There are 2 protein chains.
Amino acid sequence: MLDTKILLVEDDEVAALSLSEFLVSCGFEVKSVFCATDGISNMSNFEFDIVLLDLNLPDFSGFEVLKVLKNKHNVPVIVISAFSDLNSKLKAFKFGASDYMVKPFDLEELEARIWVNLSKNSQINLKEDSEAFKIIGSQIYFKNSMLDLTISEFKILKLLIKNKQRVTSREELGRVIYDKSGRAIDNHIKNIRKKIKKITNRECIKAIYGVGYLFKEDL
Amino acid sequence: MLDTKILLVEDDEVAALSLSEFLVSCGFEVKSVFCATDGISNMSNFEFDIVLLDLNLPDFSGFEVLKVLKNKHNVPVIVISAFSDLNSKLKAFKFGASDYMVKPFDLEELEARIWVNLSKNSQINLKEDSEAFKIIGSQIYFKNSMLDLTISEFKILKLLIKNKQRVTSREELGRVIYDKSGRAIDNHIKNIRKKIKKITNRECIKAIYGVGYLFKEDL
DNA sequence: TGTATAATTTACATTATATTTACAGAGGTT
DNA sequence: AACCTCTGTAAATATAATGTAAATTATACA
């Protein structure tokens with residue numbers, strides 16, 4: 001199964017650690033950062049499925065992070081804050097928070113809300129997860145055969161597989177590599193296809209004209 | 001703007017009235033019912049965008065309502081309950097609640113959460129629109145088979161599905177694409193029909209002479 | 001009424017244009 | 001040398017417009 005990745009932005013390192021441990025025990029993959037800057041920069045490099053965001057951060061306020069996340073990435077954000085006043089809540093929702101929990105809270109309630117917010121974003125699991133394609137470390141295998149991808153190719157294919165129930169736009173793919181022209185993707189797709197074809201004798205990546213690319217196992 | 005319709009299921013008539021008044025003042029259209037049975041039967045007759053559900057109801061528990069709503073209608077449900085214990089919350093989420101608020105709460109927070117849950121739902125058009133046809137991202141699926149529509153075709157079919165209870169005029173359809181002659185629709189309809197037929201072996205789009213087109217799943 | 005005919009609307013094929021994608025090669029970086 | 005991005009170009013695809021056939025509705029008239 002593809003892991004659900006959570007970005008935890010929380011400046012209190014003790015709280016962050018215990019939270020993180022709990023989330024890992026739930027089977028999530030967790031990345032912890034302790035300031036707004038790291039929170040934002042991590043979002044651009046990695047793909048997270050959900051963000052847990054404290055409002056009280058040392059460099060910028062959580063609202064600033066919220067603004068960036070919602071504008072650029074549109075990832076669901078659960079605000080976790082000690083502020084229980086109405087204004088903080090309203091402001092958070094206004095800036096695009098998906099949920100708001102007042103500290104202290106029950107960890108199990110957090111887990112429940114994480115699942116709710118995850119499923120809202122990708123409720124439809126049309127197909128079961130890939131059996132044949134497996135992501136192991138920084139490589140992707142097809143039935144025990146390594147595809148032998150480069151780093152950029154890996155990042156692209158990984159994202160395509162993760163989003164396989166929907167079309168992934170060129171821009172989205174471009175974001176995981178350094179692509180100013182917006183056309184570096186062209187060649188990577190070509191090369192990934194070649195490598196997939198060599199191993200599997202399939203296409204697997206379909207171009208959706210004007211939209212992006214779609215990963216389909218049987219193709 | 002299209003009216004947002006809220007179904008309020010709350011047995012305390014005094015509380016229901018004040019809540020209802022507040023929601024109306026927010027610009028929502030509110031239907032109040034006071035028991036589980038009425039809550040369920042109202043959902044089958046009318047289309048609501050969101051449900052506010054009290055757990056403590058005279059005939060059945062709110063969980064029963066939740067079960068039915070989520071199975072049959074998949075409408076977002078915000079549980080509003082005096083129960084503040086963890087178990088009630090977990091149970092509600094397990095049964096598919098979208099959110100949970102403990103009474104008493106700030107009305108403005110409720111309004112914010114209503115908006116959040118509305119927008120989450122609109123991102124993904126689920127069963128509301130169609131049983132078999134699902135709109136996912138920029139594609140439309142029929143029972144897990146992608147129709148493989150172009151962007152224009154997608155826009156047109158999406159509108160037809162959205163308006164499936166009524167006839168959509170040619171002009172209206174033309175508005176979602178760039179159509180000066182008023183006849184570009186002709187070809188798109190033809191092509192969409194071909195693609196639908198290929199996958200479903202049905203027609204699904206009926207021409208209403210002199211009026212427009214009507215989407216019907218069984219045709 | 002019933003039927004033939006005219007008018008309108010819809011279906012379909014074709015064409016020209018515009019946009020997007022595939023691919024190959026150049027040049028830069030590590 | 002391996003990898004990556006950029007650029008130019010060819011191939012593929014999408015789309016609106018147009019012409020014409022088929023279908024539907026309206027009208028005329030017995």
Side-chain angles (χ1 to χ4, degrees), chain A residues 44-45 137-140 146-160 163 166-198 202-216 219, chain B residues 137-140 146-160 163 166-198 202-216 219:
Chain A
S44 18
N45 301 335
S138 62
Q139 271 300 328
I140 297 181
M146 190 169 78
L147 291 184
D148 207 0
L149 304 171
T150 69
I151 295 167
S152 297
E153 289 162 7
F154 170 74
K155 288 177 182 168
I156 290 167
L157 184 54
K158 187 173 150 200
L159 184 56
L160 282 172
N163 295 345
R166 67 177 178 87
V167 182
T168 309
S169 72
R170 240 158 232 274
E171 292 72 38
E172 213 175 332
L173 292 167
R175 226 174 284 142
V176 302
I177 58 173
Y178 274 128
D179 182 10
K180 274 196 297 180
S181 70
R183 286 183 49 203
I185 294 297
D186 281 28
N187 275 309
H188 288 303
I189 291 289
K190 183 189 66 167
N191 295 329
I192 294 170
R193 278 181 174 146
K194 201 189 290 178
K195 288 178 180 176
I196 290 180
K197 186 108 189 184
K198 190 176 163 190
R202 303 185 196 170
E203 288 291 337
C204 291
I205 297 176
K206 181 176 169 64
I208 307 295
Y209 193 97
V211 187
Y213 292 96
L214 179 67
F215 181 83
K216 289 194 71 179
L219 201 75
Chain B
S138 59
Q139 276 296 330
I140 297 181
M146 191 171 78
L147 292 183
D148 209 356
L149 305 170
T150 69
I151 297 169
S152 299
E153 289 162 7
F154 170 74
K155 288 176 182 167
I156 290 168
L157 183 54
K158 187 174 149 198
L159 184 57
L160 282 172
N163 295 345
R166 67 176 176 87
V167 181
T168 309
S169 72
R170 235 160 239 273
E171 291 72 39
E172 211 175 334
L173 292 168
R175 229 172 284 140
V176 301
I177 58 172
Y178 186 76
D179 181 11
K180 274 196 299 181
S181 69
R183 286 184 49 205
I185 293 297
D186 281 28
N187 275 309
H188 288 303
I189 291 290
K190 182 191 67 167
N191 295 329
I192 293 169
R193 278 181 174 147
K194 201 191 289 177
K195 288 177 181 177
I196 289 181
K197 186 108 191 183
K198 190 176 162 191
R202 303 184 195 171
E203 288 292 338
C204 291
I205 298 176
K206 183 176 170 64
I208 308 296
Y209 193 95
V211 187
Y213 293 96
L214 179 66
F215 180 83
K216 289 197 71 180
L219 201 74

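Below, chains carry the letters A, B, ... as their sequence lines are ordered, and counting in each starts from 1. In this text, all values refer to a predicted model and were calculated from it rather than measured experimentally.
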Report each atom pair, protein N/O against N/O of nucleotides 5-9 of chain C, whose distance is under 3.5 angstrom.
residue: C/dT8; atom: O2; partner: B/Tyr209; partner atom: OH; Å: 2.1
residue: C/dT9; atom: O4'; partner: B/Tyr209; partner atom: OH; Å: 2.8
residue: C/dT9; atom: O3'; partner: B/Gly210; partner atom: N; Å: 3.1

Under 3.5 Å between N/O atoms: give me all the protein pairs with nucleotides 28-30 of chain C, atom names plus distance.
none

Identify the pairs formed between an N or O of the protein and an N or O of nucleotides 25-27 of chain C at a distance under 3.5 Å, and give each distance.
residue: C/dG25; atom: O6; partner: A/Asn187; partner atom: ND2; Å: 3.3

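Taking atom CG on B/Leu147 and atom C1' on D/dA14, their separation rounds to 17 Å, with Å as the unit. Here the P atom of nucleotide D/dT5 and the CD1 atom of A/Ile192 are 11 Å apart, to the nearest Å. Separating the CD1 atom of B/Ile151 from the P atom of C/dA18 is a distance of 18 Å, rounded to the nearest angstrom. For the pair B/Asn191 CG and C/dA13 C1', the interatomic distance rounds to 11 Å; values are reported in whole Å. In this structure, CD1 of B/Ile185 is placed 12 Å from P of C/dT10, rounded to the nearest angstrom.
Near DNA chain D, meaning a heavy atom under 4.0 Å away, the residues from residues 172-182 of chain B are B/Ile177, B/Tyr178, B/Asp179, B/Lys180, B/Ser181.
Taking 4.5 Å as the limit, every side-chain heavy atom of A/Asp179 sits out of range of all side-chain heavy atoms of A/Arg170. Side-chain contact between A/Asn191 and A/Thr150 is absent, with no heavy atoms from C-beta onward closer than 4.5 Å. Contact of the A/Thr168 side chain with the A/Val176 side chain is not registered, since no non-hydrogen atoms from C-beta on lie closer than 4.5 Å.
The neighbour count for B/Ile208 CD1, taken as heavy atoms of other residues, nucleotides or ligands under 6.0 Å away, is above 12. Within 6.0 Å of NZ on A/Lys197 lie more than 12 heavy atoms contributed by other residues, nucleotides or ligands.
B/Thr150 has no side-chain polar atom (N or O) that falls below the 4.0 Å cut-off from OP1 or OP2 of D/dT13. Put simply, B/His188 has a side-chain N or O that comes within less than 4.0 Å of OP1 or OP2 on D/dA16. Using a 4.0 Å cut-off, some side-chain N or O of A/Ser152 falls inside it from OP1 or OP2 of D/dC4.
Under the 4.0 Å criterion applied to side-chain N and carboxylate O atoms, B/Glu172 and B/Arg166 are assigned as salt-bridge partners. Looking at B/Asp148 and A/Lys206, a side-chain N of the basic residue comes within less than 4.0 Å of a carboxylate O on the acidic one, giving a salt bridge.
No hydrogens or angles were tested; on distance alone, a donor-acceptor pair under 3.5 Å links the side chain of B/Arg183 to the base of D/dT20.
For the helix from C/dT1-D/dA30 to C/dT30-D/dA1, the terminal axes (five pairs an end, C1' atoms, rotation from four pairs onto the next four) enclose an angle of 30°, given to 10 degrees.
Listed by chain and residue number, nothing satisfies the salt bridge (charged side-chain N to carboxylate O under 4.0 Å, His left out) test with B/Glu171 (two or more places apart in sequence, or in another chain).
Once rounded to the nearest 0.5 Å, the distance linking CD1 of B/Ile177 with CD1 of B/Ile156 reads 4.0 Å.
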